[in-house]
Amino acid sequence: MTLRDLVLKTRSYRRFDGEATIEPETLKELVDLARLSASGSNIQPLKYILSADPATNARVFPHTGWAGYLEDWPGPAEGERPSAYVVILGDTELRREFDRDLGIAAQTIMLAATERGLGGCMIGSVDREQLRAVLDVPERYQILLVLALGKPAEKVVLEPVGPTGDIRYYRDEDDVHHVPKRSLEEVILGQF
Ligand SMILES: Cc1cc2nc3c(=O)[nH]c(=O)nc-3n(C[C@H](O)[C@H](O)[C@H](O)COP(=O)(O)O)c2cc1C
């Protein structure tokens with residue numbers, strides 16, 4: 001797969017094959033790539049909690065928020081929920097600001113998941129207090145982002161943002177998930 005193909009295939013998937021499993025070792029391989037990625041001042045303040053365990057997954061899921069634009073959809077039903085989670089934490093004893101490292105690490109993990117035939121969704125809408133309790137996360141670590149992973153069981157297509165400028169994703173009558181993307185002309189402000 002070319003990098004372009006990998007990026008195109010790395011969509012946000014929110015419905016999964018609930019029967020599929022992910023090996024704990026696979027999660028470790030994904031995080032290993034994030035660990036080897038760029039980090040501001042090379043401080044490497046990100047830490048991770050991994051779950052490929054159905055019982056733990058079932059305790060994590062209720063504290064994740066799904067597809068805010070799909071107002072009538074409460075999130076993946078039982079049987080189509082993620083097979084694994086990577087919870088990305090910021091170690092406040094190493095740094096107070098994590099956003100740039102976080103983006104690099106999160107996308108690296110998602111790309112690596114795609115390469116392995118997996119897919120998932122970055123979840124920023126998280127009940128952090130509840131999740132901290134469920135996973136017993138010490139106060140020292142900020143809960144930054146949850147990556148939900150599994151074997152995707154939905155079709156996602158990209159399309160140009162229309163004339164109204166609406167960037168909200170939606171599902172059509174065939175249950176296909178559409179994601180509007182701004183054009184290259186819109187996002188490149190200058191070229192010299
Ligand atoms: C930082 C970040 C936080 C996100 N949080 C959520 C979330 O809480 N729930 C959700 O369903 N999707 C979440 N997403 C997924 C976005 O909605 C998704 O990236 C966007 O709709 C574009 O779709 P695409 O990833 O397929 O390009 C998040 C994405 C990012 C980058």
Side-chain angles (χ1 to χ4, degrees), residues 1-18 20-40 44-53 56-57 60-61 63-70 73 75-76 80-91 98-126 128 131 135 141-159 167-171 176-182 187:
M1 221 182 323
T2 65
L3 181 57
R4 184 177 174 84
D5 290 337
L6 194 62
V7 169
L8 286 174
K9 216 170 160 194
T10 303
R11 302 272 53 88
S12 295
Y13 296 101
R14 299 181 178 85
R15 288 174 291 181
F16 305 93
D17 173 354
T21 55
I22 296 181
E23 292 300 317
E25 194 54 35
T26 302
L27 295 182
K28 285 174 78 174
E29 287 170 18
L30 302 182
V31 170
D32 197 35
L33 293 177
R35 175 183 74 85
L36 297 170
S37 299
S39 169
Q44 305 164 68
L46 302 180
K47 304 287 168 70
Y48 303 85
I49 294 177
L50 315 179
S51 173
D53 167 51
T56 306
N57 291 349
V60 169
F61 176 79
H63 310 302
T64 52
W66 295 81
Y69 290 143
L70 304 182
W73 186 64
E80 55 180 23
R81 290 183 182 161
S83 307
Y85 294 93
V86 173
V87 181
I88 309 183
L89 309 170
D91 186 341
F98 305 105
D99 278 359
R100 282 162 285 196
D101 278 23
L102 174 62
I104 292 166
Q107 181 69 354
T108 298
I109 290 172
M110 300 311 281
L111 289 168
T114 303
E115 191 194 30
R116 286 160 177 74
L118 303 171
C121 192
M122 300 183 196
I123 305 281
S125 169
V126 177
R128 289 172 169 74
L131 190 62
L135 296 175
Y141 303 102
Q142 268 185 39
I143 297 178
L144 303 174
L145 198 64
V146 174
L147 309 183
L149 297 168
K151 186 173 165 213
E154 69 176 346
K155 188 170 178 202
V156 178
V157 295
L158 301 183
E159 63 191 26
I167 46 65
R168 287 175 296 180
Y169 48 77
Y170 62 95
R171 276 193 202 148
V176 174
H177 184 90
H178 293 250
V179 183
K181 292 290 182 188
R182 298 189 196 280
V187 300

Item checked: Check: Arg81 side chain, Pro76 main-chain N or O, donor-acceptor pair, under 3.5 Å -> yes

Item checked: Contacts of type salt bridge (Lys or Arg N to Asp or Glu O under 4.0 Å), residue Arg11, not counting sequence neighbours -> none

Item checked: salt bridge (Lys or Arg N to Asp or Glu O under 4.0 Å) against Asp99, all qualifying residues, sequence neighbours excluded -> none

Checklist line | Listed partners of Gln142 passing side-chain hydrogen bond (donor to acceptor under 3.5 Å, both in side chains), at least two apart | finding: none

Notebook entry, point to check: Can you list the residues that meet the side chain to side chain contact (heavy atoms under 4.5 Å, CB included) rule with Thr21, with sequence neighbours excluded?
Noted result: none

Notebook entry, point to check: Can you list the residues that meet the side-chain hydrogen bond (donor to acceptor under 3.5 Å, both in side chains) rule with Lys151, with sequence neighbours excluded?
Noted result: none

Margin query: Is there a side-chain contact between Tyr48 and Ile109 in this structure, where contact means two heavy atoms from C-beta onward sitting under 4.5 Å apart?
Written below: yes

Check: Can you name the salt bridge (Lys or Arg N to Asp or Glu O under 4.0 Å) partners of Arg128, sequence neighbours left out?
Finding: none

Checklist line | Listed partners of His177 passing ring-ring contact (aromatic ring centres under 6.0 Å, His included), at least two apart | finding: Tyr169

Next item on the list: Applying side-chain hydrogen bond (donor to acceptor under 3.5 Å, both in side chains), name anything that partners Thr64, two or more places apart in sequence or on another chain.
Entry: Trp66

Checklist line | Results of side chain to side chain contact (heavy atoms under 4.5 Å, CB included) for Thr26 - residues two or more places apart only | finding: Ile22, Glu23, Arg116, Leu118

Checklist line | Enclosure of Lys47 NZ (heavy-atom neighbours >12, cutoff 6.0 Å) | finding: yes

Item checked: With sequence neighbours excluded, residues passing side chain to side chain contact (heavy atoms under 4.5 Å, CB included) with Arg182 -> Val161, Ile167, Glu186, Val187

Next item on the list: Just jot down the side chain to side chain contact (heavy atoms under 4.5 Å, CB included) partners of Val176, sequence neighbours excluded, or say none.
Entry: Lys155, Val157, Asp172, Asp174, His178

Next item on the list: State which residues pass salt bridge (Lys or Arg N to Asp or Glu O under 4.0 Å) with Arg14; sequence neighbours excluded, sorted by chain then number.
Entry: none

